[in-house]
Amino acid sequence: MPGVLWQTLRLAQDIYGLKMGALGTIDEPQIRLTVFSSRALKPRVFSKIVREVTRRYDLDSTAIAEFVQRYSTDKILGHVIERWRGMRPKSGYSLYEYLVITVMLQNTVVKRSVAMLHSLFEHYGRLAEFDEHELWAFWEAKAIERTSEKELRALRVGYRAKILKRQANQLVRRHIDEGRLWGLGRTERLKELDKIYGVGPQSAGYMLYEFFHDYDALEHIPPWEGKIYSRILFGHDRASPERIMEFVGRRFPGFRHLALDYLITDLFWRHREQNIDWLAKLIRR
DNA sequence: CGGCAGGTGCGGA
DNA sequence: TCCGCACCTGCC
């Protein structure tokens with residue numbers, strides 16, 4: 001259904017169902033948030049959920065509006081902004097959930113990532129039913145800490161089992177401290193994320209942008225994405241990641257990653273509507 | 001079948 | 001710092 005988003009939300013041991021519906025207009029937006037809970041919801045908890053949603057989706061920031069205003073007449077971005085004005089990265093997960101997702105995305109194809117996540121949900125997650133929807137909710141890191149690497153491997157996650165275990169340990173023992181990470185600047189934050197076992201430049205970059213809402217973070221461009229950006233910006237796929245970074249740094253200062261995200265999202269949607277041949281060749285399944 | 005995948009850790013130069 | 005290599009598994 002357009003204009004409505006359903007998701008689960010885990011806060012410690014409690015699981016909620018969320019429904020977010022679009023109200024108002026793109027330029028004067030409002031969101032109607034409905035919270036589904038298995039017990040009566042205290043106002044204090046509701047406020048906490050509102051704060052959490054606001055932080056996760058970066059709803060109290062004016063960054064997206066600034067970006068739209070600044071580049072709405074840009075030769076490269078103008079028509080894309082016309083179509084996607086107001087779009088923001090979907091970032092409804094907790095830091096731990098992001099870690100799990102990025103690990104499942106590593107070194108495999110999307111289909112298998114989905115299969116591995118599903119298998120983890122079935123064993124450790126909880127299926128939440130609300131508003132006529134069934135959606136999986138994540139588990140707590142503690143649950144993975146209690147299980148064995150062998151048991152995880154039986155779920156066909158391969159060597160990622162070790163990473164899941166170590167990350168859960170680091171989290172439960174508070175070697176990963178989300179509050180502290182929020183207080184750091186980009187360089188330090190990147191360095192800290194990179195210290196997490198199983199997190200490298202790709203996963204860290206992904207989290208800087210989507211989880212920490214650093215719309216200018218662009219320290220790493222994977223080869224396959226680089227080819228696509230090169231094609232969009234220069235009309236050929238030979239530009240190096242350095243060249244791309246340099247270009248967007250001059251053209252879209254403060255919004256390097258967001259600008260590329262708008263461009264690539266628009267491209268994928270156009271590809272979906274009408275096959276783009278060169279893109280089809282670059283995408284794997 | 002061998003090769004490889006929207007990465008990362010590790011060891012050695 | 002920068003390489004090359006191994007790594008689970010499933011699919012081509």
Side-chain angles (χ1 to χ4, degrees), chain A residues 89-91 93 95-124 144 147-171 175-176 187-211 214 217-233 237-242 244-245 248 256-272 276 278-285:
Chain A
K90 183 189 179 298
S91 52
Y93 306 106
L95 183 63
Y96 175 61
E97 290 162 5
Y98 259 100
L99 286 171
V100 173
I101 292 166
T102 54
V103 169
M104 291 307 120
L105 287 173
Q106 289 168 16
N107 197 26
T108 189
V109 290
V110 173
K111 188 179 175 183
R112 185 162 174 232
S113 300
V114 171
M116 289 189 287
L117 269 171
H118 190 76
S119 158
L120 288 169
F121 277 129
E122 284 188 324
H123 284 259
Y124 305 103
I144 298 295
T147 196
S148 68
E149 189 180 321
K150 196 178 165 194
E151 197 176 318
L152 286 167
R153 276 184 179 258
L155 303 183
R156 323 302 289 163
V157 297
Y159 60 83
R160 296 165 193 83
K162 181 182 173 185
I163 302 177
L164 285 173
K165 284 288 297 175
R166 288 188 55 168
Q167 289 184 345
N169 281 328
Q170 282 180 284
L171 223 92
H175 294 317
I176 302 171
T187 311
E188 285 302 309
R189 189 183 282 158
L190 178 61
K191 217 189 286 177
E192 288 303 305
L193 288 172
D194 203 31
K195 279 185 198 162
I196 300 171
Y197 188 80
V199 173
Q202 171 79 337
S203 302
Y206 176 62
M207 287 192 282
L208 282 185
Y209 175 64
E210 290 207 359
F211 184 80
D214 185 346
L218 190 71
E219 317 305 303
H220 172 79
I221 301 177
W224 74 279
E225 271 182 41
K227 281 182 185 164
I228 295 171
Y229 296 141
S230 173
R231 189 77 183 224
I232 296 173
L233 297 171
D237 63 8
R238 300 179 305 278
S240 67
E242 292 72 23
I244 294 166
M245 287 181 199
V248 294
R256 291 182 299 168
H257 204 326
L258 186 64
L260 290 178
D261 199 16
Y262 263 64
L263 290 169
I264 205 168
T265 301
D266 178 60
L267 182 72
F268 272 90
W269 275 95
R270 281 192 283 123
H271 175 57
R272 211 163 124 164
I276 298 172
W278 66 264
L279 185 58
K281 287 179 184 133
L282 286 174
I283 307 172
R284 304 184 181 81
R285 294 167 194 289

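Labels below follow one simple rule: chain letters A, B, ... track the order of the sequence lines, proteins then strands, and each chain is numbered from 1.
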### Query
Relative to each other, are the rings of A/His257 and A/Tyr209 parallel, tilted or perpendicular (30° and 60° limits)?
parallel
Between CD of A/Gln106 and P of B/dG9 the distance, given in whole Å, is 8 Å
Note: contacts of residues 192-206 of chain A with DNA chain C (heavy atom, under 4.0 Å) are none
Output row for DNA chain C, stems defined as at least 3 consecutive Watson-Crick or G-U pairs under 3.5 Å, is B:2-5 with C:9-12, B:7-13 with C:1-7
Per nearest nucleotide of DNA chain B, the residue lying toward the 5' end, A/Pro223 or A/Arg166, is A/Pro223
In whole angstrom, give me the gap between the C1' atoms of C/dG10 and B/dG9.
23 Å
Heavy atoms of A/Asp194 and A/Pro201 approach each other most closely as OD1-N, 3.9 Å
Atom CE of A/Met104 and atom P of B/dT8 are separated, to the nearest Å, by 13 Å
A/Lys150 NZ to C/dC8 C1', in whole Å, measures 16 Å
For A/Ala239, the side chain to side chain contact (heavy atoms under 4.5 Å, CB included) test, sequence neighbours excluded, returns A/Ser230, A/Phe234, A/His236, A/Arg243, A/Ile244
Rounded to whole Å, CG of A/Asn107 lies from C1' of C/dC8 at a distance of 9 Å
*asked:* Can a side-chain donor-acceptor contact be found between A/Glu210 and A/Tyr98 if the only test is distance below 3.5 angstrom?
replied: yes
Within residues 154-164 of chain A, the residues having a heavy atom closer than 4.0 Å to DNA chain B are A/Tyr159
When rounded to whole Å, the CZ to C1' distance for the pair A/Arg112 and B/dC4 reads 12 Å
Correct closest heavy-atom pair for A/Val157 and A/Met116 would be CA-SD, 3.6 Å
For A/Asp237, the side chain to side chain contact (heavy atoms under 4.5 Å, CB included) test, sequence neighbours excluded, returns A/Lys227
Please list, for nucleotides 1-6 of chain C, all pairs of protein and nucleotide N/O atoms separated by less than 3.5 Å.
none

- Task: Please measure how far the C1' atom in B/dT8 lies from the corresponding atom in C/dC11, and state the result in whole Å.
- Result: 22 Å
Looking only at heavy atoms, the pair that brings A/Met245 and A/Arg256 closest together is O-CD, 4.4 Å
For residues A/Tyr197 and A/Asn169, is any side-chain donor paired with an opposing acceptor at under 3.5 Å?
no
State plainly whether the residues A/Glu151 and A/Lys165 are in salt-bridge range, i.e. N to O under 4.0 Å. no
Here the distance between atom C1' of B/dG7 and atom CD of A/Gln167, to the nearest Å, is 12 Å
When rounded to whole Å, the CZ to C1' distance for the pair A/Arg153 and C/dG10 reads 15 Å
Review point. Taking NZ, NE, NH1 and NH2 as the nitrogens, is one of them in A/Lys191 or A/Glu188 under 4.0 Å from a carboxylate oxygen of the other?
Key: yes
Rounded to whole Å, the NZ-P distance (A/Lys165 to C/dC7) equals 22 Å
Shortest non-hydrogen pair, A/Thr108 vs A/Ser113, comes out as CG2-OG, 3.4 Å
